[in-house]
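Read the structure below first, then the notes.
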Amino acid sequence: MTKPVILTGIRSNEEPTIANYLGAFLPIIDMQKKFSGEYQINMFVPDLHSFNTPIDHTALYRNTLNNVKYFIAAGLNLDDPSTFVYRQSFIPAHSELAWILNNFTYMGEMGRMTQFKEKSSEHSESVTVGLFDYPVLMAADILLYNAKYVPVGEDQFQHLEITRDIATRFNNKFGDIFTVPDNTANQMKFINRDNGLRIRSLTDPTKKMSKSSSDVKSKILLVDEPEAARKKILSATTDSLGVINFDWETQPGITNLLQMLAILSGRAQDDVNEEWVGKTAYGDFKKAVAEEVVKFLTDFQAKLNAITDEALVAKLEVSESAMANVANETLLRAQRVVGLRP
Ligand code: ATP
Ligand code: MG
């Protein structure tokens with residue numbers, strides 16, 4: 001197994017939105033189509049990361065399986081022999097390595113993590129050690145598999161850099177134990193993206209659509225009833241200018257809908273703009289967008305419902321057994337040099 005490893009995962013803390021689908025699921029599937037054969041793709045569900053902020057624990061196991069189902073419904077090919085799909089907690093080496101790495105990570109550097117500062121103020125009623133420490137577990141997630149490419153959003157750049165710092169520090173002390181993943185600039189070059197897609201909230205288009213938002217009208221869930229989703233689009237916040245224009249500054253609501261329409265219908269943005277820009281009937285425009293959303297959800301949910309737990313769990317178990325071997329090899333190298341194993 002000498003192919004360079006691309007590693008990616010999405011937390012299953014809440015039901016994913018259409019924004020997660022467009023911004024995260026589709027790019028991974030494109031990567032699989034583009035790179036399969038040349039690279040190994042590790043698509044894992046970071047279930048241990050899912051409850052560093054409060055969740056409904058009775059839903060976690062189900063959500064973890066559903067997370068993989070969403071990827072399959074979106075087009076991930078499970079039969080690709082160089083793609084591995086696994087659950088983090090099914091490979092205990094993740095937590096074991098994280099514990100070792102904790103002792104080579106400094107409070108000072110962890111205290112600088114923006115995500116921790118932001119999330120701890122959001123959930124100030126229960127700021128856990130898990131929330132503080134999760135970047136170290138994330139470092140273990142990456143280093144166990146010798147991953148070179150870890151395509152992450154901007155919010156995760158700092159965590160990728162701390163992974164590189166921890167790995168380099170460990171290697172300097174103990175020799176060549178870990179593969180240091182590429183820096184964030186190279187990661188962006190690799191996925192050929194300079195600005196990420198940002199779908200906006202339907203109720204406040206100055207903000208992004210977020211799965212954890214408590215405002216249900218702001219987001220379209222992948223499991224929303226299509227007719228309920230239609231209503232959300234029809235009542236989406238726009239503006240009082242009265243003429244359709246593609247302009248994020250002055251008409252973010254309308255522009256967000258123009259963007260969604262283009263991506264969902266598989267048409268070029270210019271083409272969609274040509275059809276709608278200059279028109280004044282917001283109602284007709286929203287109906288067209290809503291129709292496309294309904295079509296998308298209906299089709300997606302049909303695919304989702306056709307995926308059985310059996311097929312899924314079979315793939316997970318094969319991947320988990322193969323990946324546990326790789327992870328255990330890396331863990332053993334680390335255990336040896338720190339003196340835990342002969
Ligand atoms: P949360 O509110 O829990 O942070 P989220 O919707 O922001 O949820 P994340 O779990 O943080 O989702 O991110 C999952 C993936 O979805 C990431 O790759 C992220 O870049 C992508 N993503 C999140 N929101 C958007 C958005 N509005 N537009 C495009 N991509 C998005
Ligand atoms: Mg987020």
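Heads up: numbering here begins at 1 and tracks the sequence. Just so you know, these numbers come straight off a predicted model, no measurement behind them. Whatever order the structure lists them in is the order used to number ligands and atoms, beginning at 1.
- Of the protein's heavy atoms, Ala19 O, 3.8 Å lies nearest to atom 31 (C) of ligand 1.
- Within a 4.0 Å radius of atom 22 (N) of ligand 1, the protein has at least one heavy atom.
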Under 3.5 Å, side-chain donor or acceptor atoms of residues 142-152 against the rest of the protein: list the pairs with distances, not counting sequence neighbours.
| unit_1 | atom_1 | unit_2 | atom_2 | d |
| --- | --- | --- | --- | --- |
| Tyr145 | OH | His94 | NE2 | 2.9 |

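- Remark: minimum distance from atom 18 (O) of ligand 1 to any protein heavy atom is reached at Ala24 CB, 3.4 Å.
- At the shortest separation from atom 1 (P) of ligand 1 among protein heavy atoms lies Ser212 OG, 3.5 Å.
- Nearest to atom 16 (O) of ligand 1 among the protein's heavy atoms is Asn20 ND2, 3.1 Å.
- With a heavy-atom cut-off of 4.0 Å, Val152 does not touch ligand 1 at all.
- With hydrogens left out, the protein atom closest to atom 20 (O) of ligand 1 is Gly153 CA, 4.6 Å, a heavy atom.
- Annotation for ligand 1: atoms under 4.0 Å from non-hydrogen atoms of Asn13 are 3 (O).
- Arg169 and Phe104 make their closest contact through NH1-O, 2.8 Å (heavy atoms, listed as atom of the first residue, atom of the second, distance).
- Taking every heavy atom of both residues into account, Ala288 and Leu261 meet most closely at O-CD1, 4.1 Å.
- Asp239 is not listed as a side-chain neighbour of Thr250, based on a closest heavy-atom distance of 4.5 Å or more.
- Residues Pro226 and Gln301 share a closest heavy-atom pair of CD-OE1, 3.7 Å.
- The part of Arg198 lying near ligand 1 is the backbone, judged by heavy-atom distances below 4.0 Å.
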- Message: Apply ring pair (Phe, Tyr, Trp, His ring centres under 6.0 Å) to residues Tyr134 and Phe116 and explain how you reach the verdict.
- Response: CA-CA 9 Å; Tyr134 94 83; Phe116 174 72; 9.1 Å; no
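- Heavy-atom contacts of Ser210 reach the following atoms of ligand 1: 2 (O), 6 (O) (cutoff under 4.0 Å).
- Electrostatic pairing of Arg62 and Asp309 counts as a salt bridge here, judged by a charged N lying under 4.0 Å from a carboxylate O.
- Within 4.0 Å of atom 29 (C) of ligand 1, at least one protein heavy atom is present.
- Backbone and side-chain nitrogen or oxygen atoms of Ile199 are examined, and one is located within less than 3.5 angstrom of a nitrogen or oxygen of ligand 1.
- Atom 4 (O) of ligand 1 has its closest protein heavy atom at Lys119 NZ, 4.1 Å.
- Nearest protein heavy-atom neighbour of atom 7 (O) of ligand 1: Lys208 NZ, 2.6 Å.
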- Task: Kindly determine whether Glu122 and Lys119 satisfy salt bridge (charged side-chain N to carboxylate O under 4.0 Å, His left out), including the steps that lead there.
- Result: CA-CA 5 Å; Glu122 242 172 76; Lys119 294 233 159 152; 5.6 Å; no
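- Within the 4.0 Å heavy-atom shell around ligand 1 one finds Met209.
- Closest of all the heavy-atom pairs between Pro205 and Pro252 is O-CB, 3.6 Å.
- Distances below 4.0 Å separate heavy atoms of Leu197 from the following atoms of ligand 1: 28 (N), 29 (C), 30 (N).
- Considering only non-hydrogen atoms, atom 10 (O) of ligand 1 lies nearest to Lys211 out of Lys207, Lys211, Arg11.
- A ring-centre distance under 6.0 Å is not found for Phe90 and Phe44.
- The shortest side-chain heavy-atom distance between Phe178 and Thr168 does not fall under the 4.5 Å cut-off.
- The Gly23 neighbourhood of ligand 1 comprises atoms 29 (C), 30 (N), with distances under 4.0 Å to a heavy atom of that residue.
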